[in-house]
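Predicted, not measured: the structure shown is a model, and the values here were computed from it.
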Amino acid sequence: MTDLTLPPLAPQRSNVREYHGETLEDPWFWLKDPGYPNVTDPDVLGYLEAENRWFEAGMAPLRPLVDTLFEELKGRVTPDESSVPVRKGGHEYWWAFEPGAQYRQWWRRPAAENGGGGPDELILSEPALAEGKDYFRLAGISASPDGRLLAYAFDDNGSERFTLKVRDLASGADVATVATTSIGVPVWTADSTALAWTEVNENWRSFRVALHRLGGGDDITLYEESDPGFSVGVDKSQDGKWLIIAAGDKVTSEVRLLPAGDPLAPPRLVRARQVGLEYDVDVRGDTLFVRANDTHPNFRVATASVAGPPEALGEWTTLIEGSDTDYIQGISAFTSFLAVSGREAGLDQVWLHFGDGRTQRIAFPEASYSARIGDNREPDAPLLRLGYSSMVTPSSVFDYEVATAMLHIRKVQQVASGYDANLYATERLMIAARDGVLVPVSLVYRKDWDRQRLHLYGYGAYGIAIPPGFSASRLSLLDRGLGYAIAHVRGGDDLGHQWYLDGKLEKRANAFTDFIDVARGLVALGYAAPGQISASGGSAGGELMGVVINDAPELWAAVVADVPFVDVLNTMLDDSLPLTPGEWPEWGNPIIDKAAYDLIRSYSPYDQVKRQDYPPLLVTAGLNDPRVTYWEPAKWVAKLRTRKTDANPLYLKTNMGAGHGGKSGRFAALEETAEEFAFILKAFGLA
C-alpha cells in the first residue's frame with residue numbers, strides 16, 4: 001500500500017452471514033477493529049494511512065489553491081471576536097478570542113446591578129487546556145449559583161467522552177475531577193454544593209444521571225436508564241428550581257423532576273413513557289408547561305400543576321392547540337411570559353404568550369431567515385436574547401425588548417476582510433418532487449452569477465432542519481462563480497413534524513428522491529447547466545450523498561461526503577455498536593423485522609454500490625468518531641474502488657486523532673473546508 005501511482009486496494013476477506021434466510025456478504029468487514037474504540041490492528045491502520053497518503057498525493061497539485069482558500073477563509077475571521085455578555089446571577093459571562101488563537105478565553109465581571117465596574121476576570125482558558133493536544137473541544141461551562149465554582153467538561157481526542165472538572169474561581173485551581181466519561185453540561189444544585197452530570201457507557205450511550213457532592217463520597221445515581229434504546233440527560237428549569245431528567249429515544253420521551261434544593265428527594269414522573277409520545281417541559285412557580293405531540297404531530301402546549309399530588313403532573317390542560325400551520329419546537333417559561341419557538345411555512349418564529357391571554361409574535365426584518373431563542377439564563381427576560389441570520393445577513397444577536405416589541409442589535413458578525421451584502425441575492429424556491437410534493441430550496445448567489453455551476457447541500461434525517469443561515473466561508477464559492485442551494489428534503493422538520501415523518505422508516509426514500517428531483521428541477525429552471533451541480537452532506541447527509549451517487553451519478557460534477565453513514569444495514573444489524581438500539585426507531589430494526597431488513601438493504605449505500613461511473617468523490621472519516629464509526633466510510637471507499645468504472649478521483653481522508661466533527665480549533669477546521677472547496681472547484685475546472 002505504499003505505491004502512490006495506484007490507489008490503495010483493501011484486501012477482500014470472506015465474511016458471510018445469514019439473516020431472514022438471505023446471505024449477506026461483507027468482504028471488508030475486517031476493517032472494523034475488534035478492539036474498537038481502541039483501534040490498534042496494523043492492517044486496519046495500514047489501510048487508513050495508505051488512503052491518507054493517496055489523498056495527500058492527489059491533492060498535492062491543488063495545494064496552492066488550498067493555501068489561497070485557507071488564507072481567504074482565515075481572513076474573514078475576526079481576530080479578536082467575542083460574544084455578547086449574558087447575565088447569570090451577580091455576573092455577566094462572555095467568551096473572547098485573542099488574535100490568532102484557535103480557542104476561546106472565558107471571562108466574567110460583576111453585573112451592573114451588583115456594583116459593576118469590577119475587573120474582568122478570566123475564569124477559563126481553552127488555549128491553556130488545549131496546549132500540546134492535537135484535538136480539543138469544550139462541552140460547555142456552568143457556574144455555580146453562588147458564583148464561587150465553575151464546572152467544565154472537555155474532550156481531547158474526539159471520542160465525545162468528556163472529562164468533567166470543577167474549578168475554584170477564587171484561586172483558579174481545579175478542586176475535583178468528577179468523571180472522564182461525561183457528556184453534556186452539568187447542572188448545579190441550588191446550594192452550590194453538588195452537581196448533576198450525565199455519564200456515557202462503553203457504547204457511547206448516555207445511560208445515567210449522577211450526583212457529585214464536592215468533597216464527599218461516591219457519586220449517587222439519580223436516575224439510570226436500563227433500556228438500551230433510550231438515552232438520558234439532565235437540565236434545569238428556567239426558574240432554576242427544578243432539575244429536569246429526560247429519557248428518550250427517537251420517538252418516545254419520559255421526564256422526571258427533582259427539586260434543585262433537594263436532589264435526593266424521590267423523582268416526580270411527569271408522564272410514563274408511551275411509544276410515540278414525545279414531550280418536554282419547563283416550570284414556572286407551581287405551573288408545569290408541557291410541549292407534547294399527543295394530540296397533533298406539530299405539538300401542542302399544555303399546563304399541569306406542580307404543587308398538587310404526583311399524578312397531577314400527568315393531567316394536562318391545553319394552553320396552545322396543535323396546528324397544521326404552526327410547528328411548536330420549544331418552550332421557555334420566563335416569569336413574565338412563555339416563550340415559544342417554532343416554524344410557520346418553513347420559517348422560524350418566536351411567539352410570547354402572557355398570563356392575561358395576550359400573544360406577541362416577534363417580527364424579523366427579512367422574508368427568508370433563520371432565528372432562534374438565544375442564551376437567557378435568568379428566570380425572567382425583559383430583554384429576550386435572540387440569534388438571527390439569513391443567507392445574505394451575517395449572524396446577529398438581538399435583544400427583544402418585550403415592553404416595546406422592539407429589536408435591539410447587540411452584535412453583527414464581522415467579516416474581517418470585508419463583505420458587501422449588496423453583491424449577493426437570496427431566493428426561496430419550491431420545486432416539485434416526483435410525487436407532486438413541493439420541496440423548499442434556499443438559494444444564495446452573487447448577482448453577477450452566470451447560473452452555470454451550483455453547489456447543493458442536503459441532510460434530511462432525525463427531524464433536523466437546515467436553516468437558511470449565513471456562512472462567511474461560503475463566499476469563496478460564490479465569488480468564484482458558484483451558486484449555493486440547500487434542499488430542505490423530507491426527513492428534516494423544515495415544514496413541520498410531518499415533514500420529518502415523511503422521510504423516515506418506510507418513507508425514507510423520499511429524502512433521496514427529493515434531493516435528486518430538486519437537482520433536476522434546478523437545472524430545468526435554469527439555475528445550473530446539466531451535470532454542473534456539486535453536492536455535499538455529512539453524517540446522515542453523507543448517507544444521502546451515497547444514495548444519490550448510486551441512483552443518479554450523472555447529475556453530479558463532484559460530491560463531498562463527510563463522515564457518511566453509509567453502512568446502514570450492517571450497523572443496524574449490530575446491537576453492540578454505539579447508538580444502534582436507539583437508532584432503530586429512525587431506520588427500523590432489521591434483526592427482527594425482515595421488511596426493515598429488505599428496505600434498508602435496498603438503499604444502504606455500501607450495499608448498493610454498482611458497476612458504473614461515479615463522480616469525483618471526497619470522503620472524510622474520524623478514527624475516534626462514536627457516531628459514524630470510521631469503518632463505514634472506509635469500507636464504502638474500498639468497495640467503490642473495486643466497482644466504479646471511471647477514472648475520476650476518489651479520496652478518503654481519515655482524521656487519526658479526531659471524531660465526528662473533524663479537526664478542532666477555529667482555524668484548523670478551516671483547513672479542511674479549504675480542501676473540500678478546492679476539490680469542488682477542480683471538478684468544475686476552476687482550479
With salt bridge (Lys or Arg N to Asp or Glu O under 4.0 Å) as the criterion, how do Arg343 and Asp326 come out once you've worked through the C-alpha distance, each side chain's angles and the decisive distance to 0.1 Å? CA-CA 6 Å; Arg343 200 173 290 128; Asp326 295 345; over 6 Å; no
Take Arg480 and Glu72 through the salt bridge (Lys or Arg N to Asp or Glu O under 4.0 Å) test and state the conclusion after the steps. CA-CA 12 Å; Arg480 286 174 171 81; Glu72 280 183 19; 2.6 Å; yes
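- Between Arg627 and Asp625, no side-chain nitrogen of the basic residue sits less than 4.0 Å from a carboxylate oxygen of the acidic one, so the salt-bridge criterion is not met.
- Taking Phe70 as the reference, nothing meets the ring-ring contact (aromatic ring centres under 6.0 Å, His included) condition, with sequence neighbours excluded.
- Residues passing the side chain to side chain contact (heavy atoms under 4.5 Å, CB included) test with Ala405, sequence neighbours excluded: Gln360, Tyr400.
- Counting all heavy atoms, side chain and backbone alike, Ala416 lies closest to Gly75 at CB-O, 3.3 Å.
- Atom OH of Tyr369 sits about 6.0 Å away from atom CZ of Phe364, to the nearest 0.5 Å.
- Between Gln532 and Gln452, the closest heavy-atom pair is CB-O, 3.3 Å.
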Steps toward side chain to side chain contact (heavy atoms under 4.5 Å, CB included) verdict (Ile328, Val340): CA-CA 7 Å; Ile328 299 172; Val340 179; 3.7 Å; yes
List the steps, then state whether salt bridge (Lys or Arg N to Asp or Glu O under 4.0 Å) holds for Glu160 with Arg137. CA-CA 9 Å; Glu160 298 189 62; Arg137 176 185 165 197; 3.5 Å; yes
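- Around the NZ atom of Lys250, the shell of radius 6.0 Å holds more than 12 heavy atoms that belong to other residues, nucleotides or ligands.
- With hydrogens and angles left out, the side-chain atoms of Thr654 and Glu51 include no donor and acceptor closer than 3.5 Å.
- Residue pairs meeting the salt bridge (charged side-chain N to carboxylate O under 4.0 Å, His left out) criterion with at least one member in residues 407-417, sequence neighbours excluded, are Glu81-Lys411, Asp399-Arg410.
- Counting heavy atoms from C-beta on, the side chains of Val301 and Leu338 come closer than 4.5 Å.
- The aromatic rings of Tyr103 and Phe136 sit perpendicular to each other, their planes meeting at more than 60°, with 30° as the lower class boundary.
- Side-chain contact annotation: Glu543 with Tyr459, donor-acceptor N/O pair under 3.5 Å absent.
- Residues Thr359 and Leu352 have side chains not in contact (no heavy-atom distance under 4.5 Å, counting atoms from C-beta outward).
- Remark: Arg76 does not engage Glu71 in a salt bridge, criterion side-chain N to carboxylate O under 4.0 Å.
- Between the side chains of Glu366 and Tyr388, at least one donor-acceptor pair of N or O atoms lies under 3.5 Å.
- Each salt bridge (charged side-chain N to carboxylate O under 4.0 Å, His left out) pair with one or both residues in residues 494-506, not counting sequence neighbours, appears once here: Asp502-Lys507.
- Shown are Glu676, Glu675, Glu56; of these, the side-chain hydrogen bond (donor to acceptor under 3.5 Å, both in side chains) with Lys653 is made only by Glu675.
- Cation-pi check for Arg451 over Tyr445 is met; the charged atom lies under 6.0 angstrom from the ring centroid and within 45 degrees of its normal.
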Evaluate the side chain to side chain contact (heavy atoms under 4.5 Å, CB included) criterion for residues Leu501 and Asp493: first the C-alpha distance (whole Å), next the side-chain angles of each, then the deciding distance (0.1 Å), finally the verdict. CA-CA 8 Å; Leu501 299 177; Asp493 67 352; over 6 Å; no
Does Trp95 form a ring pair (Phe, Tyr, Trp, His ring centres under 6.0 Å) with Tyr93? I'd like the steps, not just the answer. CA-CA 7 Å; Trp95 54 258; Tyr93 294 82; over 10 Å; no
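- In this structure, Arg291 forms a cation-pi arrangement with Phe299, its terminal cationic atom sitting closer than 6.0 Å to the ring centre and no more than 45° off the ring axis.
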Start with the C-alpha distance between Phe470 and Thr393, add both sets of side-chain angles, then the distance that settles side chain to side chain contact (heavy atoms under 4.5 Å, CB included), and finish with yes or no. CA-CA 6 Å; Phe470 183 78; Thr393 300; 5.9 Å; no
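- Figure legend: Arg474 and Tyr484 shown as a cation-pi pair, the cationic atom lying under 6.0 angstrom from the six-membered ring centre and within 45 degrees of its axis.
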Under the side chain to side chain contact (heavy atoms under 4.5 Å, CB included) criterion, do Val518 and Leu456 qualify, and how do the steps go? CA-CA 9 Å; Val518 162; Leu456 183 62; 4.2 Å; yes
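- The side-chain heavy atoms of Leu681 and Leu62, taken from C-beta on, include no pair separated by under 4.5 Å.
- A heavy-atom distance below 4.5 Å is not found between the side chains of Phe398 and His408.
- Taking a cutoff of 4.0 Å between a charged side-chain nitrogen and a carboxylate oxygen, Asp613 and Lys644 do not qualify as a salt bridge.
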Given salt bridge (Lys or Arg N to Asp or Glu O under 4.0 Å), test Glu98 with Arg104 step by step and report yes or no. CA-CA 8 Å; Glu98 293 184 350; Arg104 298 173 171 91; over 6 Å; no
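- Val402 has its side chain out of reach of Phe334: every pair of non-hydrogen atoms, C-beta onward, lies at least 4.5 Å apart.
- When all heavy atoms of Pro564 and Ala561 are compared, the closest pair comes out as CD-O, 3.6 Å.
- Taking 4.5 Å as the limit, some side-chain heavy atom of Tyr527 sits within range of a side-chain heavy atom of Trp449.
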Atom pairs and distances, side-chain donor-acceptor, residues 544-552, under 3.5 Å, sequence neighbours left out:
residue: Asn550; atom: OD1; partner: Tyr614; partner atom: OH; Å: 2.6
residue: Asn550; atom: ND2; partner: Gly546; partner atom: O; Å: 3.3
residue: Asn550; atom: ND2; partner: Pro605; partner atom: O; Å: 3.3

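- Rounded to the nearest 0.5 angstrom, Ile680 CD1 and Ser536 OG are separated by 6.0 Å.
- Here the options are Val566, Val609, Leu652, Val619, the test is side chain to side chain contact (heavy atoms under 4.5 Å, CB included), and the partner is Leu640; only Val609 passes.
- By the 4.5 Å heavy-atom criterion applied to side chains, Tyr606 and Glu632 are not counted as neighbours.
- Between Trp107 and Trp94, the ring-plane angle classifies as parallel under the 30° and 60° cut-offs.
- With sequence neighbours left out, Asp375 forms a salt bridge (charged side-chain N to carboxylate O under 4.0 Å, His left out) with Arg377.
- Donor-acceptor pairing under 3.5 Å is lacking for the side chains of Tyr419 and Gln414.
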Go through it in stages, so that I can follow the logic: the residues are Trp556 and Phe515, the test is ring pair (Phe, Tyr, Trp, His ring centres under 6.0 Å), and I'd like the CA-CA distance, side-chain angles, deciding distance and then a yes or no. CA-CA 12 Å; Trp556 319 111; Phe515 195 83; 5.6 Å; yes
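- Residues Trp351 and Phe337 place their aromatic rings such that the two centres sit no closer than 6.0 Å.
- Checked by atom type, the side-chain pair Ser323/His296 shows no donor-acceptor distance below 3.5 Å.
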Evaluation steps, side chain to side chain donor-acceptor pair (under 3.5 Å), between Asp348 and Tyr327: CA-CA 9 Å; Asp348 293 339; Tyr327 174 37; over 6 Å; no
